[in-house]
Every structure is written in C-alpha cells, then in structure tokens.
Engineer: 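Here's a structure for you.
What's counted below: heavy atoms across the whole structure, side chains too, no hydrogens, waters or symmetry copies. For reference, positions follow the sequence shown, starting with 1.
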Amino acid sequence: MSWSKTASGVSKGLGWVLGLIALALVAWQAWTRQDQWLPLWRQLGALDLLAVLLLCLSMQVLFGLGWHVFARGRFVAEHILGDQLRWGQSLLAKYLPGKIWQGVARGMLYADERGVGDTFALFVREQLLSLGISALIAAVAAPAALPADLGLMFQVAFVAFAAVLTAVAVWARLPDFIASRLPRSLAHWNAARPATATIAKVWLLQFAGYLAMCAAFAVLVNGFGLRLGWLQLAAALCFAGLAGVAAVLVPAGLGVREAGLFWCLSPLLGAGNAAMLALAWRVAITFAEAAFAAISFAWGAWRR
C-alpha cells in the first residue's frame, strides 16, 4: 500500500474520531445538566415535530430545485423530478469521510447524460454558492460569546468571506495558468459555468432553502418553550454549519456542528439547553435527510 493511501485512510479515521469526541463532549454537557432541559421536553408536541420535519424536507426540495436550474440552465418540466431524485440520492454521500463523496456521487448519477467532469465542476460551484449564503446569514448576528469589538470583526469577516465564495462560484472563466493547475476533477471548470440569470435563480432558491432550514430550527427551539431572536438562531445555525464544512475530514460535520452550535447558544440559553438543542437538531436534520434520501431511492426505483 502506498504512503498516500495509508495517509488517506488514517486521516479519514482521524476525522471520525475527532467528530465523535466533539459530539461526546456536547453530549456530556447535556447529560450533566439534565435538570435544565428535561422539563422542556414536556412542552414539545407532535405538531412541532411534524412542522420541523416538513420544513426540513421543504429545504431539501428547494435545494434540489436549485440544482435542477443549475444543471439545466432553467426550469425544464420533464427533468425536474429526475434531477430532484438524483439530488436526494447523492445526499447521504456527505456522511462518508471526506465531503467530496457527495460530488462524486452526483457525477456518477449524471455520467451518461452530461459527464462526470462537468457535473462535478457544477457541484463545486453549487456548494460555493450555498456556502456564501450560509456565511452571509451567519454574519447577521455575532456570537454572544465574543466581545462587542470582536463580534463586529466577526461579522465583517463573514460578509467578506461570503462575497469571496460567491465571486468564485460565478467566475466566468479562470485564467489558463490557473485552470491548467486545477485538480483533474475540476478540469471542466471553465466549461461548466451557467449564465448569470441562471445563477441568480439558483441563489434565490438556495436562499429560500436556508430560510426553511432556519425556520425549522426556530420551530424546534420554540417548541421547547425557549425564546431567542430569529436572527440569532439563524446566524448560530449557519455558523455551526460552516464549522462542520470546514472540518473536511469529519463526515457531515458530525460533532463539529454540534460544538459550534453549543458555543453560539450557551451564553444565551445556558450550557444544558444549548447542548440539548444541538443534539436534538442533529437528530432532526439527520432523520429528515435520511427520509428524503429514502424517498428519492424508492421513487427512482418505482419510476424505473
């Protein structure tokens, strides 16, 4: 076995370990402070859980529609369902070590139609555009754990980060000296850039998807009887998501997202409540993603 393969295997295993350690630390915070949040569970009703699930599924539908417009350049009625199903079928690949696997899965699903290379390059553009929106939402409210001056710097930095990610996503053509040095998987970058009007539609659909996600989290928080500003909840959720993406080796940001959400919310809600919310959200979003993927596979098999 070559050194690179050995290092890759070790890094993937390390990602799992670090993620599980972070998750265990958040779980420990919740376990040792059960007196704070156990009474809140009596307030959570079935309608709250149903609303969270429906909003999470709506988020996936909106993201899937955004991918459809990206892939087709516009809404094409006969391809909407197929693209939506392939979005869902590639969704769970991000739970593998290394988030690149979702892009690989998407490329394989379109191998016979538009080629793996074009699809993967388009997937990367889609992810950059999505991360830019997430960074922009994260910038609307600084984490309460930061002092006021650092909080302002945090917001400015995240606005700038959002602008950079969006600019890279919509960049029409990379200079040849850069394009020639891209990884082989991104060799089709210059050929896979949609029109500006298409990108604008995708941005709006993705933004709507993030609003659905933030609304689902707000419903969950309110269902527990906790009260917190909507902007603070949305910013904390998106910051935690970005932290999970930055931890490239950790599957689906497992543990890292929970730690980021705990850090943002514990000064506002208390350590026990923040830890409980972080874990409850992980269960909710993972269940919704698994359900959406299962529906996509089942519906795809029925269509065939």
Side-chain angles (χ1 to χ4, degrees), residues 59-96 98-136 161-176 178-210 213 241-242 244-246 248 252 289 292-293 296-297 300:
M59 171 188 70
Q60 300 299 342
V61 170
L62 289 165
F63 283 145
L65 285 175
W67 168 254
H68 162 73
V69 174
F70 231 168
R72 307 293 172 181
R74 58 189 176 87
F75 286 104
V76 182
E78 60 268 28
H79 290 295
I80 289 178
L81 180 58
D83 290 335
Q84 188 79 64
L85 294 179
R86 279 183 276 195
W87 159 270
Q89 290 164 2
S90 68
L91 184 59
L92 294 185
K94 68 180 183 179
Y95 284 88
L96 298 172
K99 297 175 178 61
I100 192 175
W101 289 109
Q102 188 178 6
V104 173
R106 193 85 55 84
M108 295 303 294
L109 289 169
Y110 284 89
D112 295 334
E113 184 174 332
R114 59 179 298 148
V116 175
D118 279 355
T119 304
F120 186 80
L122 197 61
F123 166 82
V124 174
R125 287 186 186 272
E126 175 205 35
Q127 293 301 302
L128 290 173
L129 201 63
S130 176
L131 292 175
I133 296 172
S134 185
L136 191 62
F161 185 52
V164 170
L165 289 175
T166 304
V168 174
V170 303
W171 206 340
R173 183 177 178 81
L174 292 174
D176 291 338
I178 295 179
S180 63
R181 289 171 172 78
L182 288 175
R184 197 173 165 187
S185 57
L186 292 175
H188 294 258
W189 180 268
N190 286 340
R193 194 264 183 187
T196 303
T198 298
I199 293 174
K201 292 175 184 176
V202 174
W203 192 94
L204 289 173
L205 285 166
Q206 288 187 342
F207 184 71
Y210 274 104
M213 178 184 73
L242 289 169
V245 172
V248 178
E289 288 178 342
F292 193 83
S296 299
F297 278 110

Engineer: Does the side chain of V170 reach to within under 4.5 Å of the side chain of T196, using non-hydrogen atoms?
Structural biologist: no

Engineer: Which value, rounded to the nearest 0.5 Å, describes the distance between Q102 atom CD and L91 atom CG?
Structural biologist: 6.0 Å

Engineer: Any chance you could lay out the side chain to side chain contact (heavy atoms under 4.5 Å, CB included) test for L129 and L165, step after step, and finish with the verdict?
Structural biologist: CA-CA 7 Å; L129 201 63; L165 289 175; over 6 Å; no

Engineer: To check you understand the geometry: which heavy-atom pair defines the closest contact between L242 and S134, and what is its length?
Structural biologist: CG-OG, 3.6 Å

Engineer: According to the interplanar angle, ranging from 0 to 90°, do the rings of F63 and W87 count as parallel (below 30°), tilted (30 to 60°) or perpendicular (above 60°)?
Structural biologist: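 Because their plane-to-plane angle lies in the 30° to 60° range, the rings of F63 and W87 count as tilted.
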
Engineer: Do the non-hydrogen side-chain atoms of S90 and L109 ever get within less than 4.5 Å of each other?
Structural biologist: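 Sidechains of L109 and S90: in contact.
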
Engineer: Between Y110 and R72, what is the shortest heavy-atom contact and its length?
Structural biologist: CE2-NH2, 4.0 Å

Engineer: Just how far is it from atom CD1 of I133 to atom OG1 of T166, taken to the nearest 0.5 Å?
Structural biologist: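 I133 CD1 to T166 OG1: 7.0 Å, rounded to 0.5 Å.
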
Engineer: So, taking the atom named CZ in F297 and the one named CG in L92, what distance separates them when rounded to the nearest 0.5 Å?
Structural biologist: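 Answer for the CZ-CG pair, F297 versus L92, is 7.0 Å.
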
Engineer: Show which side-chain atoms of residues 197-209 pair as donor or acceptor with protein atoms under 3.5 Å away, not counting sequence neighbours.
Structural biologist:
| residue | atom | partner | partner atom | Å |
| --- | --- | --- | --- | --- |
| T198 | OG1 | G73 | O | 2.8 |
| Q206 | OE1 | S130 | N | 3.2 |
| Q206 | NE2 | E126 | O | 3.4 |

Engineer: Working note: H79 + H68, criterion side chain to side chain contact (heavy atoms under 4.5 Å, CB included); need CA distance, chi angles, decisive distance, verdict.
Structural biologist: CA-CA 8 Å; H79 290 295; H68 162 73; 4.0 Å; yes

Engineer: Let's go through L122 and W67 carefully: what are the C-alpha distance in whole Å and the side-chain angles of both, what is the deciding distance for side chain to side chain contact (heavy atoms under 4.5 Å, CB included) to 0.1 Å, and is it a yes or a no?
Structural biologist: CA-CA 9 Å; L122 197 61; W67 168 254; 4.0 Å; yes

Engineer: Go through the structure and list residues passing ring-ring contact (aromatic ring centres under 6.0 Å, His included) with F161, not counting sequence neighbours.
Structural biologist: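 Partners of F161 by the ring-ring contact (aromatic ring centres under 6.0 Å, His included) criterion come out as none, since no residue qualifies.
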
